[in-house]
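Scope of the values below: all heavy atoms of this structure, side chains included, with no hydrogens, waters or symmetry mates.
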Amino acid sequence: MTKLRSPELARLTPLAQLRAGRLPYRIIQLFVGLSLFGAAMAGFVRSGLGLAPWDVLHYGVTLHTGLSLGTVVIIFGFLVLLLWIPLRQMPGLGTIANVIWIGLSADVALAFIPEVHGLPAQLALFAGSLLVNGLGGGLYIGSQLGPGPRDGLMTGLHARTGISLRLARTGVEVMVLVIGWFLGGIVGFGTIIYALAIGPLTQLFLRFCIIDLGIQPVLEETLNDSPAVSTATAGQPPTHG
C-alpha cells in the first residue's frame, strides 16, 4: 500500500506563487487566515493580559498618536516592507494582503469585542484568541502566497548577514517589545505565554492547512517563508506578518 505524501511548503518566487495553481482557493484561505489573525489581535487587546511583541509596539504607538490599532499595524507593515529593499526580498500577494488586511480586521474586531473583567473571563478570551491566532497563522501560511512583512524581514536578515533565524527573530522582537513597553504597550504574562505557545500551535494547525501544490518542498537552508513552520526554527513564535 502506497503511503500518501503529506503536503509541504514550497519555495516559490512571488510570480511562481501566482502560477502554482488552485489560486482562487488559496486566496480565499489567505484572507480567512488574515481575518482570523486580526480578530485574535483584538481579542488579546481586550483580554488585557499581554500582547505579542510587535503588537506591544503597535499598541504603544496608538496611545501616543490617537490612531487606531489597525492603522498603526498597516503603517508599520509598509515601513517594514521598505526594509526589504536593501535585503533584496520580493513581496508576494500574501505579503501585501498581510500588510493591509490584518490591520483592517483588527479594527473591525475591536469594534465588536468588548473589554472583559475578572481573571476567568480574561483567561478565556486570551486562550480563545490564542487558538484563533494559531489557526489564522496556519491558514495564511498554508496558502503559500508569501510571508508576512515581519517574517520576511527576519528571513532576509538571515539570508544577507548569515546570522541565525533565531538570533534575528529574538533581536528584532526584543527591541520592538522594549520600545513598545516604554510607550505603554500591554506587556503581561500573556506575552510570555504567546511567545512559548504560538509557534507549536501554529505548526499544529499548519499540518492541516497547507494547500498541496505538488511541487518541490521548501529546503531547510533556504527557507523563504514563516520561520514558525520551518524545521530550522521549530517552536519559535511567529510574528503576525
- side-chain contact (heavy atoms from CB on, under 4.5 Å) with F112: which residues, sequence neighbours excluded? V108

- Note on the structure: In this structure, CG of L213 is separated from CD of Q17 (nearest 0.5 Å) by 9.5 Å

- Task: May I ask you to test the L125-L49 pair for a side-chain heavy-atom distance under 4.5 Å?
- Result: no

- Show your working on side-chain contact (heavy atoms from CB on, under 4.5 Å) between L67 and V72 and close with a plain yes or no. CA-CA 7 Å; L67 297 173; V72 173; 3.9 Å; yes

- Message: Does any part of the side chain of I100, heavy atoms only, come nearer than 4.5 Å to the side chain of F78, both counted from C-beta?
- Response: yes

- Task: Give the cluster check for L79 versus L104: same hydrophobic cluster or not, with ILVMFWY residues linked at side-chain heavy-atom distances below 4.5 Å.
- Result: yes

- With side-chain contact (heavy atoms from CB on, under 4.5 Å) as the test, would you mind laying out the steps for L93 and L18 before giving the verdict? CA-CA 8 Å; L93 172 63; L18 298 178; 4.0 Å; yes

- Query: Ion pair present between R169 and D151, side-chain N to carboxylate O less than 4.0 angstrom?
  - Reply: yes

- Item | Straight-line distance of Y140 OH to N98 CG, nearest 0.5 Å | 5.0 Å

Under 3.5 Å, which donor-acceptor pairs do the side chains of residues 29-36 form with other protein atoms, sequence neighbours left out?
residue : atom : partner : partner atom : Å
Q29     : NE2  : L139    : O            : 2.9
Q29     : NE2  : C209    : O            : 2.7
S35     : OG   : F31     : O            : 2.7
S35     : OG   : W101    : NE1          : 2.7

- When rounded to the nearest 0.5 angstrom, what is the spacing between CG in L130 and CD1 in I193? 8.0 Å

- Hey, does V172 have a side-chain heavy atom less than 4.5 Å from the side chain of M154? yes

- Message: Between L145 and L23, does the side-chain contact (heavy atoms from CB on, under 4.5 Å) criterion hold? Intermediate values first, please.
- Response: CA-CA 9 Å; L145 285 167; L23 186 60; 3.9 Å; yes

- Message: In this structure, would I113 and L131 fall into the same cluster of hydrophobic residues linked by side-chain contacts under 4.5 Å?
- Response: no

- Note on the structure: Interatomic distance, CG@D107 vs CD1@I102, rounded to 0.5 Å, equals 12.5 Å

- Note on the structure: Here the pair of heavy atoms bringing L183 nearest to L57 is CD1-CD1, 4.1 Å

- Query: Does V132 share a hydrophobic cluster with I28, counting links as ILVMFWY side-chain heavy atoms below 4.5 Å and allowing steps through other members?
  - Reply: yes

- Treat each ILVMFWY residue as a node, draw an edge where side-chain heavy atoms are under 4.5 Å apart, and state whether L157 and M175 are in one component. yes

- Please name the pair of heavy atoms, one in A109 and one in G38, separated by the smallest distance, quoted to 0.1 Å. CB-O, 4.5 Å

- Query: Is there a side-chain contact between F44 and N133, using heavy atoms and a 4.5 Å cut-off?
  - Reply: yes

- Message: Surrounding CH2 of W84 (heavy atoms of other residues, nucleotides or ligands, distance under 6.0 Å), is the total greater than 12?
- Response: yes

- Could you pull out all residues at least two apart from T71 that satisfy side-chain hydrogen bond (donor to acceptor under 3.5 Å, both in side chains)? S68

- Derivation and outcome, side-chain contact (heavy atoms from CB on, under 4.5 Å), residues Q89 and T95: CA-CA 11 Å; Q89 294 279 92; T95 308; over 6 Å; no

- Taking side chain as C-beta onward, heavy atoms only, is L177 less than 4.5 Å from T191? yes

- Query: Between F76 and V99, is any pair of side-chain heavy atoms under 4.5 Å apart?
  - Reply: no

- State, yes or no, whether a side-chain contact exists between M90 and T13 at a heavy-atom distance under 4.5 Å. no

- Any idea which heavy atoms bring F205 and L135 closest together, and the distance? CD1-N, 3.4 Å

- Working to the nearest 0.5 Å, report the span between CG of L82 and CG of L87. 11.5 Å

- How far does CD of E115 sit from CG of L110, to the nearest 0.5 angstrom? 10.0 Å

- Task: For residues A40 and S129, report the shortest heavy-atom separation together with the two atoms involved.
- Result: CB-O, 3.3 Å

- Cluster link V116 to F189, ILVMFWY, side chain under 4.5 Å: no

- Taking all non-hydrogen atoms of both residues, which atom of G138 and which atom of T202 are closest, and how far apart? N-CG2, 3.8 Å

- For the residue pair Y194 and A52, what are the closest heavy atoms and their distance? CE2-CB, 3.4 Å

- Less than 4.5 Å apart, any side-chain heavy atom of R150 and any of E173? no

- Inspect the surroundings of CZ in R207 and state if more than 12 heavy atoms from other residues, nucleotides or ligands are less than 6.0 Å away. no

